[in-house]
Amino acid sequence: MGQETVIELKDVTTSFFSRKQELTVVDGVSFSVEKGETVAIVGESGSGKSMTSLSIMQLVPAPNGKITNGEIIFNGEDLLKKSKKDMQKVRGNDISMIFQEPMSSLNPVYTIGEQLREQLMYHQPFSKREAHEKGIEMLEVVGFARAREMMREYPHRLSGGMRQRVMIAMALSNNPKLLIADEPTTALDVTVQAQILDLMRGLSKDYDSSIILITHDLGVVAELAQRVVVMYGGQVVEEAKIDEIFDKPLHPYTEGLLNSMPKLNEEQTRLESIPGSVPTPDNFPKGCRFVTRCPYAMQVCTEEQPTLLEKETGHKVRCFLHEEGVGKDGEYERSS
Amino acid sequence: MGKKAHWMLLAMIFAMGMLLAACNGGDDGVDTDADGGTDPDSEEVEDDGGEDTGEDDGDTADAGDPVEGGSIILGLDGEIPNLLPAHVNTTQVRDVEDILHAKLYRQQADELELEPYVAEDFPEISEDGLEYVIQLRDDVYFHDGEQVTAEDVAFTVGIWLMDDYGGQTPGLFDSIDTIEATDELELTITLSEPDANMTFYLDTPIVPEHILGEYETYDELIESDYAQSDAVIGAGPYSLDEWVHGQYLTFAANDEYFGEGPYIEEITYRIAGSPDAVLAMVQSGEVDVANIRPQDVSTAETIDGYTISEVEGVNVNFMGFNHENELFQDVRVRQAIAMATDRQGIVDGIMDGHGLVSHIPHVSGGPFDGGNNTEHPYDTDAALELLAEAGWEQDGSGQLVNEDGENFSFSLITNSEAHVRGEWIVAVQDMLNQLGMNVEAETMEFNAYLERYYDGDFDMNAGAWSLGLYADPEFTYHSEMIYPEGGNMFRYADDDFDALTKDMSQIVDPDEYTQVVQDAHAFISEELPVIPMYNTLEHQAYSDRIQGYQHHSRAGLHRPEEWWVNE
Amino acid sequence: MITYIIRRLVMTVPILFGISVVSFAIMMMAPGQPAIIDADPTISPEAREAQIERLGLDDPLPVQYGRWLSNMVSGEFGNSYISGTPVSTLIAQRLPNTLILMAASAFLAILLAIPIGIISAVRQYTKTDYTITLFSFAGVAIPNFWFGLLLIMFLSVQLGWFPVGGIQTIGGEASIMDRLHHLFLPALVLATADMAGLTRYTRTSMLEVKSQDYIRTARAKGFKESRVIYKHALRNALLPLITIFGLMLPTFIGGSVVIEQIFSWPGIGQLFMSSVFQRDYPVIMILTMFSAVLVVIGNLIADILYAIVDPRIEY
């Protein structure tokens with residue numbers, strides 16, 4: 001492990017309860033983030049990556065959603081054992097989050113300034129004036145030229161990219177140790193995406209913040225992350241350094257994700273994509289969750305769940321192909 | 001021409017029926033009425049003992065000597081729109097006028113007759129019945145100290161004769177040719193034709209000419225402070241102290257009043273929004289006197305500190321025929337319908353017993369009841385026999401058919417504001433349908449009903465009349481009085497009846513006049529141009545601290561100047 | 001903004017014109033003649049004609065309407081047939097009472113409905129929420145005349161806590177306390193239906209806002225729940241309520257007709273009721289137009305307010 005771990009998730013399990021059943025959306029997820037490191041969580045929608053980030057923030061939608069198991073060690077303390085009040089001190093202060101939908105994530109009836117100041121003054125002993133100046137500074141940091149005027153604007157006057165900058169400014173305003181960015185660029189158009197990614201890369205360096213980047217876009221991952229956690233069906237299926245993921249993915253799902261990614265240097269008429277879609281939690285197969293879509297599915301895959309094993313140093317995978325004594329001889333059937 | 005209106009007689013429903021019944025939602029079968037100017041007095045009802053229904057009638061309720069002072073509050077369920085006597089004619093307005101104003105004549109305390117009030121005596125009438133001379137008392141003063149003179153009376157009546165008269169009772173004094181003060185206290189009226197009921201019309205309030213004389217048109221009068229505010233003065237036992245529109249009027253005892261009393265120092269008329277509100281005010285002790293609807297009597301009887309008085313109302317509910325409809329041209333059919341209608345059953349079952357079956361279209365047992373009426377007791381077999389004689393027989397399925405195979409079908413209409421009437425016409429429909437008729441009972445909003453009633457657009461109707469101290473059957477049933485010439489809404493035409501009542505309004509001798517009315521009523525009871533149903537009983541709750549209480553069905557407070565309170 | 005208001009005001013002219021035409025037509029087509037004419041069934045045909053002519057009711061409808069309209073435009077509101085009083089005087093006597101009643105009801109409705117609706121939304125699917133929901137449906141469903149009589153029966157007659165009606169103690173000092181004492185029950189009853197409706201709207205609006213992304217943002221900023229609800233959710237949730245409240249104005253006017261009768265409240269509702277029964281045309285028309293103006297202005301004010309509190313709306 002590296003020099004300093006900022007956050008470590010251990011076997012975190014989150015479920016939604018209805019009268020009839022319990023649906024487990026985050027299933028025993030474990031990973032950690034080092035200081036200054038950017039870790040990407042990738043997966044299609046429904047893979048549990050957003051729920052994992054909301055579990056860290058303890059913002060899983062109440063009253064049906066609940067974190068039922070595990071530990072989240074942050075600053076040497078288990079966040080899950082913290083009181084509501086103590087958790088409020090962590091949110092927006094030590095851990096910040098920015099969301100996918102910049103258009104709707106800002107409160108429409110308050111000015112940018114009011115929203116920035118509020119967060120600053122809530123967590124730090126700023127006067128209104130100090131908060132205002134700090135707010136302007138933050139807006140300048142995220143690239144607003146007319147930051148002072150911007151403070152007086154209402155969100156609806158801003159474009160999506162500008163709003164996401166504002167969100168980032170807010171998220172960073174209290175110097176968080178960890179920034180969780182949930183699909184920060186998905187809703188933006190391509191040129192703006194690049195600007196925001198540049199901004200985040202620069203800021204993570206300048207502020208030495210750790211980032212958990214949640215995305216389904218491996219292109220974004222390649223730009224920002226040092227390490228990647230691949231999730232499928234609420235579970236971590238692979239975890240590795242960025243180069244290893246791209247160079248030699250172990251899990252068939254990761255492989256599929258990579259194949260569906262446009263490659264700029266190759267001529268390609270069609271993108272390959274993984275057939276089918278992520279099963280919903282009430283529909284998980286008995287064995288490996290990916291079995292229904294896996295091109296290498298074997299008998300054992302339909303019967304038992306594979307475990308997450310460290311194949312090489314820092315490279316973990318959950319697949320029978322890589323478990324001792326299984327599949328070595330290529331005794332698998334191709335599913336199609 | 002101008003047939004004077006017997007606005008009182010037919011009076012009905014109207015002005016008030018509307019106001020009262022309509023707005024307020026309904027009272028008993030009768031329109032609580034409104035008629036006009038004159039009126040009758042209560043009949044005393046022999047009280048039916050038992051319940052704590054206290055005193056009924058117009059007599060004194062309690063012993064002891066009158067004491068001066070104190071105050072009482074009366075609950076009224078309708079607004080006082082205007083206090084110019086000639087303008088609107090509602091019970092509420094009359095209640096105010098009764099204590100505010102003096103009149104030449106007024107109803108006796110306990111008989112259905114007039115007595116002189118400001119007049120010294122009944123008029124001296126000339127042989128030909130055209131000239132009336134009336135002497136006034138010399139001790140009557142308006143609240144401002146001016147004496148009431150013949151000029152004032154002439155001026156008051158003159159208001160009705162103004163060219164732009166715009167009140168509710170045009171034509172009341174149409175038979176007057178001239179009216180003048182022939183001396184300070186002598187009034188002479190000359191008629192263009194004899195009018196048996198002229199004296200009755202003279203129970204209108206007398207207004208001060210010295211104040212109102214400056215107004216030349218009716219429009220000016222109606223907008224004047226006198227009509228619209230507490231500037232109004234009269235010569236009655238109480239003067240108006242304060243009038244807050246829509247809320248209350250307070251009256252102060254007039255120490256200079258020429259008659260008995262007043263003893264109670266202050267009387268307040270409190271205006272409630274509805275009869276329900278009035279009842280609640282009684283229940284919570286906020287008013288001392290209030291009229292009680294028949295359906296509320298049992299509730300009211302349980303209220304501590306109040307007595308419920310019951311008097312026979314001066315009104316009659318009836319069912320009328322449209323005689324242009326061939327179905328009803330045979331008297332046997334009309335009699336059969338009367339006999340198939342269980343009137344006592346309706347009074348007992350629907351009216352809770354608060355009514356008296358009547359056989360004449362007037363107060364049963366009153367001065368116009370000669371006692372020689374034909375009753376048509378409830379007897380369905382006899383009814384069927386009469387129908388058979390008239391050509392209507394039940395077929396196999398029990399339906400009445402005539403020789404052409406036609407069914408006996410017609411509609412029976414009434415207005416919805418009088419809830420009880422709406423209920424009993426359904427009962428009547430049921431009774432007649434059992435006989436094999438095909439009756440459709442219909443209730444409708446008052447104005448819609450009225451329009452059909454006036455236009456003769458009905459087969460049978462159910463209605464009610466508030467009655468005056470006099471009666472004029474010629475006006476209501478004579479063939480020359482078919483609406484709009486007169487008040488014959490039923491299009492009834494019968495030669496014998498015509499002969500009996502022809503020109504009866506020109507009879508000058510009161511006894512002779514009464515005899516003709518009684519004969520006409522006896523005729524109606526047999527021939528049934530309308531079927532009389534019942535007279536209602538009227539109820540009033542009054543606080544036990546009131547002494548000398550009197551009750552009259554037409555008055556909110558009857559002679560309150562003679563009451564007093566024990567504090 | 002100013003141009004917007006002017007444009008809206010100009011637009012009310014054809015609206016009011018349309019309302020006046022329709023009301024006039026309905027009023028004149030209703031069966032029956034004004035009570036001032038038909039009070040006396042024995043009136044002679046000549047006298048009746050004279051009355052009808054005096055009131056101008058013998059003219060063709062368009063002529064009558066034209067006369068009414070030109071009188072209106074020149075500020076001639078006419079006199080009540082029944083009382084002979086200038087209509088403006090009648091309204092001056094009664095309007096303040098009705099406005100006080102409506103304002104008090106609106107105040108009560110807002111004061112109670114919004115907090116209750118918020119509680120209901122915050123505690124969605126709890127017993128509290130179900131109880132509030134039950135009562136608010138009951139509030140909408142219960143006829144207010146019945147509810148009014150019930151309250152009078154229990155609170156006024158049985159317990160004697162409130163007067164049974166009127167706007168002040170007769171002959172007493174007209175103190176503020178006395179007026180409020182008389183005002184409470186009618187205002188409460190008039191407010192009931194709207195209060196219940198408003199509670200439901202507040203709940204729905206609040207629930208919708210609660211699931212918005214910016215609420216999640218507020219939580220992610222670490223704000224305590226009360227701040228999230230009352231600062232970030234509430235203001236957004238209240239926006240649509242402004243419009244709803246504008247739309248509720250007519251129900252206040254309609255409700256006051258009934259309430260004023262039950263509570264003997266001398267307002268324009270009572271006046272309207274008796275005018276209709278008496279076919280007192282000048283009063284009916286002026287009150288109808290007055291209500292129409294009130295509703296139109298109320299909605300305009302609601303829209304302007306909306307624009308003021310919602311920065312997204314621009315003109």
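Throughout, protein chains are lettered first and strands after them, A, B, ... in sequence-line order, and every chain is numbered starting at 1.
Remark: I82(C) CD1 to N82(B) CG distance equals 9.5 Å, nearest 0.5 Å. Interatomic distance, R54(C) CZ to D163(B) CG, rounded to the nearest 0.5 Å: 12.0 Å. Remark: E223(B) CD to T89(C) OG1 distance equals 8.0 Å, nearest 0.5 Å. Here the straight-line distance linking atom CD of Q168(C) with atom OH of Y248(B) works out to 5.5 Å at 0.5 Å rounding. To the nearest 0.5 Å, atoms CD (E79(B)) and CE (M273(C)) are separated by 15.0 Å. Interatomic distance, CG of D77(B) versus OG of S264(C), reported as 9.5 Å (0.5 Å rounding).
Looking at I271(B), only its backbone comes within 4.5 Å of chain C, counting heavy atoms on both sides. Contact annotation for Q228(B): only side-chain heavy atoms (C-beta onward) come within less than 4.5 Å of a heavy atom of chain C. For chain C, the nearby part of E445(B) is the side chain; its heavy atoms alone come within less than 4.5 Å. Using a 4.5 Å cut-off between heavy atoms, Y81(C) contacts chain B through its backbone alone, with no side-chain atom that close. Contacts of L149(C) with chain B are made by side-chain atoms alone, with heavy-atom separations under 4.5 Å and no backbone atom involved.
The two residues S156(C) and S284(B) come nearest to each other via the heavy atoms O-CB, 4.3 Å. Nearest heavy-atom pair, E286(B) versus P163(C), reported as atom, atom and distance to 0.1 Å: OE2-CA, 3.5 Å. Closest approach of I262(C) and S274(B) over heavy atoms only: CA-OG, 4.2 Å.
Per-residue counts of heavy-atom pairs under 4.5 Å with chain C were compared for A227(B), A277(B), G167(B); the largest is that of G167(B). Between chain B and the residues S80(C), G160(C), G84(C), G165(C), the most heavy-atom pairs under 4.5 angstrom are made by G84(C). Across L271(C), N97(C), I152(C), T85(C), the residue that shares the most heavy-atom pairs under 4.5 angstrom with chain B is T85(C).
Within 6.0 Å of CG on L159(C) lie more than 12 heavy atoms contributed by other residues, nucleotides or ligands.
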